Amino acid sequence: MMYKVMAWLFLAQLLIQILRIHAKVPAIIVFGDSSVDSGNNNQVQTILKSNFEPYGRDFNGGQPTGRFSNGRLPPDFISEAFGVKPVVPAYLDPTYHITDFATGVCFASAGTGYDNATSNVLSVIPFWKELEYYKEYQKQLRDYLGHQKANEVLSESLYLISLGTNDFLENYYLLPGRRLKFSVEEYQSFLVGIAGNFITELFQLGARKISLAGLPPMGCLPLERTTNILSGRDCVEKYNIVAWDFNGKLQELVVKLKNELSGIRLVLTNPFDILLEIIQSPHSFGFEEAAVACCATGVVEMGYMCNKFNPLTCADADKYVFWDAFHPTEKTNRIVADHVVKHSLAEFL
């Protein structure tokens, strides 16, 4: 009897998944860094983790999932906006399976970058490895749904790619290796080349709807402002200009690939302007503080430095633009996600 019940439940779940592929976007598939990592670093031997309190204190009643925020990330809100599901699970999380991943999966790893040298800094998953995990996922999905239905899901899914900040702040401007080899303009072009190759291979694997995220105004992250003592802890304008210029190169890449790859629907989702507007006019968005973060002192802490034993962590994260010295609060993530859905991703709705 129990066997029949289990068999029926499996068939019911499979039917639900098959029916969902008729949606415009049946799944959200995510690549990138901590801006979108929903917990893959929990399973990696690295110091860059956030699967402990107070991270996640506003996530489903207080669950530190490995997301670098007090709650949900932009892909979670985007997935919800597309009517898929409220959270996108991490591929390496052993509590999830292909039944969960069929409608959305995250391969991102906090601390990674386009450049392999960036992922080596904190021993996290390199960008190329995320694509290898995706290939594994494709096989699992075909085994689960069958080749035809799985291929439909893969071609109709929305792919989100978000990374690049670490390449500059945790690699190029922190360590001498890349600066000795590249000017900043050359390094930008080097990274854009990697992005182009990644998207081309993703397209060849069946992806068609792809969102490439630009960089935020990274000179306004609390950690960078803290180091800008001589300028009164204002935003580091040099870093913002680098981000702005890099986004311009990404836009050129989008135009180029749309001309080269027939059938691709590729957009640049640029968080720069909306985040800068929030940071410069926080009260207009219901925030009280944009220069320092909620966790601990709010000026340098992230990861293990942002822990439940620090008595200085704020009581209400919704008053802050940033959760830790490098990452936005859930409220900010929601605003940014809503903005990109309306202004960049609307064509996929």
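Note that the coordinates shown come from a computational prediction; the quantities given were computed from them, not determined experimentally. Worth knowing before you read on, the calculation uses all heavy atoms, side chains too, and leaves out hydrogens, waters and symmetry mates.
Exactly one of T165, T112, D167 qualifies for a side-chain hydrogen bond (donor to acceptor under 3.5 Å, both in side chains) with T118. That residue is D167. Just one of T269, L215, V192, N270 meets the side chain to side chain contact (heavy atoms under 4.5 Å, CB included) condition when paired with L250; it is V192.
The pair E80-R72 meets the salt-bridge criterion, with a side-chain N (NZ, NE, NH1 or NH2) lying under 4.0 Å from an Asp/Glu carboxylate O. The pair E156-K24 fails the salt-bridge criterion, with no side-chain N (NZ, NE, NH1 or NH2) lying under 4.0 Å from an Asp/Glu carboxylate O. Residues D37 and R67 are not paired through a salt bridge, judged by the lack of any N-O separation under 4.0 Å between the basic side chain and the carboxylate. Using a cut-off of 4.0 Å between Lys/Arg side-chain N and Asp/Glu carboxylate O, D338 and R334 are scored as not salt-bridged. Under the 4.0 Å criterion applied to side-chain N and carboxylate O atoms, K135 and E132 are assigned as salt-bridge partners.
Aromatic pair Y91/Y133: ring centres closer than 6.0 Å. Separation of the W323 and F68 ring centroids does not fall under the 6.0 Å cut-off. Under the 6.0 Å cut-off for aromatic ring centres, Y144 and Y137 do not qualify, their centroids lying 6.0 Å or more apart. Aromatic rings of Y114 and F190 (six-membered ring for Trp) have centroids beyond the 6.0 Å cut-off, not under it. Aromatic pair F246/F168: ring centres closer than 6.0 Å. For an aromatic pair to be called close, the ring centres must be under 6.0 Å apart, and F127 with F198 satisfies this.
Residues V153 and I264 share a hydrophobic cluster, clusters being chains of Ile/Leu/Val/Met/Phe/Trp/Tyr side chains in contact below 4.5 Å.
Figure legend: K49 and Y304 shown without cation-pi pairing, the cationic atom not lying both under 6.0 angstrom from the six-membered ring centre and within 45 degrees of its axis.
A donor-acceptor pair under 3.5 Å links the side-chain atoms of N40 to the main chain of C106, judged by distance alone. Between the side chain of D324 and the main chain of E301, no donor-acceptor pair closer than 3.5 Å is present. Within the 3.5 Å criterion, the main-chain N or O of G111 finds no donor-acceptor partner in the side chain of D33. Between the side chain of Q138 and the main chain of L205, a donor-acceptor pair closer than 3.5 Å is present. One N or O on the side chain of R179 and one on the backbone of L175 form a donor-acceptor pair closer than 3.5 Å. Judged by distance alone, the side chain of Y172 and the main-chain N or O of V184 form a donor-acceptor pair under 3.5 Å. Of the possible donor and acceptor atoms, none in the side chain of S79 sits under 3.5 Å from a partner among the backbone N and O of V84. Side chain of S162 to backbone of A213: no donor-acceptor contact under 3.5 angstrom is found. A donor-acceptor contact shorter than 3.5 Å links the side chain of K331 to the backbone of G286.
Contact check for E252 versus V255: no side-chain heavy atoms found under the 4.5 Å cut-off. By the 4.5 Å heavy-atom criterion applied to side chains, L122 and I47 are counted as neighbours.
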Passes salt bridge (Lys or Arg N to Asp or Glu O under 4.0 Å), K249 versus D245? Steps please.
CA-CA 7 Å; K249 292 180 184 295; D245 291 344; over 6 Å; no
Check the pair C314 / C295 against disulfide (SG to SG under 2.5 Å), numbers first and verdict last.
CA-CA 6 Å; C314 76; C295 195; over 6 Å; no
From CA spacing to verdict: side-chain hydrogen bond (donor to acceptor under 3.5 Å, both in side chains), N307, Y55:
CA-CA 8 Å; N307 58 64; Y55 285 98; over 6 Å; no
